[in-house]
2 protein chains.
Amino acid sequence: MEPKQYYIGIDVGGTSVKEGLFDEDGNLLAKASVPTPPIVDAAGFAAVTEAIDQVVAKAQIPRAFVAGIGLAVPCPIPASGDAKVKANIAINLPELRIAIQKHCPDAVVKYENDANAAAMGEAWLGSAKGVQNVVMVTIGTGVGGGVIVNGDVVSGVVGAGGEIGHMCLNPAEERTCGCGGHGHLEQYSSATGVVSNYLAECKKAGVDPIELTGPSDSKDVFQACREGDKLALAAADTMADYLGRALALIANVVDPEMFLIGGGASASADVYLDKAREYFKQYALSASRETPIKVASLGNDAGIIGAAYVALRAAGK
Amino acid sequence: MEPKQYYIGIDVGGTSVKEGLFDEDGNLLAKASVPTPPIVDAAGFAAVTEAIDQVVAKAQIPRAFVAGIGLAVPCPIPASGDAKVKANIAINLPELRIAIQKHCPDAVVKYENDANAAAMGEAWLGSAKGVQNVVMVTIGTGVGGGVIVNGDVVSGVVGAGGEIGHMCLNPAEERTCGCGGHGHLEQYSSATGVVSNYLAECKKAGVDPIELTGPSDSKDVFQACREGDKLALAAADTMADYLGRALALIANVVDPEMFLIGGGASASADVYLDKAREYFKQYALSASRETPIKVASLGNDAGIIGAAYVALRAAGK
């Protein structure tokens, strides 16, 4: 009998590097977390490999039994595996790979974009468990996406597969998206977008907005929706309209079995999801109208789970 | 040594059923064509199987050496293989499959949507030869599409994968698409759409249109473009704008290595393709802007070639 094999998922975020050790059945055996250092030199790489040692030690697994290490990173990763676009954090992907490979010579090392990894996590153990064709939309400060076809992430030739936050839905928009474009999904349907929609409604109505804790704090706007605030409801309606339209467009391209909504703003899905479903039905081809739109279930763990699953698949399991 | 294996591609169109016999290297060994009968009874099924016998006889191949038969059909074919949407022609797919299987018990029989089959043909022997990730847009009376990811067609759960003609790009459009929707790509960028764009420009300008042979005869409009007709050029510009926008949206979902333009209106690509490329760059994510947009090369044979290739892949080659 072959010895059992294990997989480590590493979620490299702006504030922390989270690691999880899993067996092939998806059982989480150990976790670790360190504040994100600049991952550009020996000290930065060591922070990652030391956390590998931590989870291996906690789970009492020989390091040689780790067959794969997946890393969810905040930048596009093309199918070829070499990032061409700079990440939002200080990270040297080629050198980090060498450091990890040297530390764990028996493991396959694989990078994946963080939104794609979250989608893979949901497909392994979450709301889309066992579903081979699913599109996940991650709604946070921005809008990310992961497109899974036949069980694998569609990374794309430049890593732009699933970059659905930058789908251009309203070319006439005057305001500029963070990427320099105009009328992108993210401008209306991210947490930041909902706040922006709300402020625009207030301005139009000549009404002072409610107090907001920050420019991406959609929670306050969603709470105002629950209390019946008409301007907040109009802002959420705009968000749902664009979201429904984007999902319908995606259905015309890859026609998935299911859509998932994840990310921080998925906690307020009670406010906008039914509306988004209605808009989806309005814009979708008749044959696609019944495609379910569900809420993701793994929360912050989707990254480490998905990264481990990506590693497991890369190892040929 | 195993005997060489052969594949038959059948393109079931509105006016004719075309068949081609290929070897595994894509050499076309024999062709046949019959007027399309209602393919709903023994006589209709026999028309198809008799054409199989014809190509086999012409190429002097034992029928048992045919390892796969692919059929390109004018309706969505979901990944499960059972069409849920009615085709535009009289065809009984389950019974036709039984008839072919009975006639050729050694062959794998596989259906594919015609636009998807054309894309597979181009990926096997045409402009996208050897490309594993490509999206083909077929511009004729309507707009069809084929999305290929990792070498396989993305059929989708209801067969709506690649139904890009019905991407909703302008929800404010008052005119209705053939499918009942509003503001779909097909309404602006099909042959019919270009004529419609042109008539709208003439109406706006209070000018009598040039004589057109029919409502989908974009050739006359494209010729007027070549002669510098400003209203025709505006119509082609609208077509290119929507086409470029749709391709940019698709790139944000699957980020292919290449786009292909095929179908009847691809013969007039000289008029609109450079413009469409410019619009694509304008709407696309910066990382995707250089994705090539090429013209398909197989013309009317794309269907039989692609259907044969689908059969070859289904047979595990």
Side-chain angles (χ1 to χ4, degrees), chain A residues 76 78-79 84-85 131-135 145 147 149-150 152-172 177 179-185 241-242 244-246 248-258 279 282-291, chain B residues 76 78-79 84-85 131-135 145 147 149-150 152-172 177 179-185 241-242 244-246 248-258 279 282-291:
Chain A
K84 287 175 189 162
V85 179
V131 177
Q132 295 291 300
N133 296 281
V134 56
V135 174
V147 176
V149 169
N150 294 332
D152 279 312
V153 161
V154 179
S155 304
V157 65
V158 296
E163 282 292 331
I164 65 177
H166 299 288
M167 292 175 82
C168 175
L169 301 182
N170 181 15
C177 179
C179 74
H182 292 271
H184 290 188
L185 173 63
D241 187 345
Y242 279 96
R245 182 138 47 110
L249 287 166
I250 296 167
N252 280 44
V253 182
V254 294
D255 182 17
E257 293 170 55
M258 186 188 291
Y279 280 113
Q282 179 182 323
Y283 297 124
L285 203 60
S286 60
S288 305
R289 269 173 212 153
E290 301 309 321
T291 302
Chain B
K84 286 174 190 165
V85 179
V131 177
Q132 296 291 301
N133 295 280
V134 56
V135 174
V147 176
V149 169
N150 294 332
D152 279 311
V153 161
V154 180
S155 304
V157 65
V158 296
E163 282 293 331
I164 64 177
H166 299 288
M167 292 175 81
C168 176
L169 300 183
N170 180 15
C177 181
C179 75
H182 292 271
H184 290 188
L185 173 64
D241 188 346
Y242 279 97
R245 186 144 37 116
L249 288 165
I250 295 167
N252 281 43
V253 181
V254 294
D255 182 18
E257 293 169 55
M258 188 189 289
Y279 280 114
Q282 180 181 323
Y283 296 123
L285 202 61
S286 61
S288 305
R289 269 171 212 156
E290 301 309 320
T291 303

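None of the values given here were measured: they were computed from a predicted structure. Computation of the quantities below employed the complete heavy-atom set of this structure, encompassing side-chain atoms and omitting hydrogens, waters and symmetry-equivalent molecules.
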request  = State the OH-NE2 distance between B/Y283 and A/H184, to the nearest 0.5 angstrom.
outcome  =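 Output value for this atom pair is 10.5 Å.
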ask   = To the nearest 0.5 Å, what is the distance between NE2 (B/H182) and CD (A/Q282)?
value = 9.0 Å
Kindly indicate whether the side chain of [X], heavy atoms from C-beta on, has any atom under 4.5 Å from the side chain of [Y].
X: B/V253; Y: A/V135; answer: no
X: B/D255; Y: A/V158; answer: yes
X: B/L169; Y: A/L249; answer: yes

Can you tell me which portion of [X] sits under 4.5 Å from chain B's heavy atoms? Options are side chain, backbone, both or neither.
X: A/S155; value: backbone
X: A/V254; value: both
X: A/A160; value: both
X: A/I164; value: both

message = If you count heavy-atom pairs within less than 4.5 Å of chain A, which of B/D152, B/N252, B/V154 leads?
response = B/N252
task = Looking only at non-hydrogen atoms, find the nearest pair between B/R245 and A/C168 and report the distance.
result =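 Taking B/R245 first and A/C168 second, the nearest heavy atoms are CD-O, 4.1 Å.
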remark   = chain B shares the most heavy-atom pairs under 4.5 Å, among A/D241, A/N150, A/V149, A/L285, with A/L285
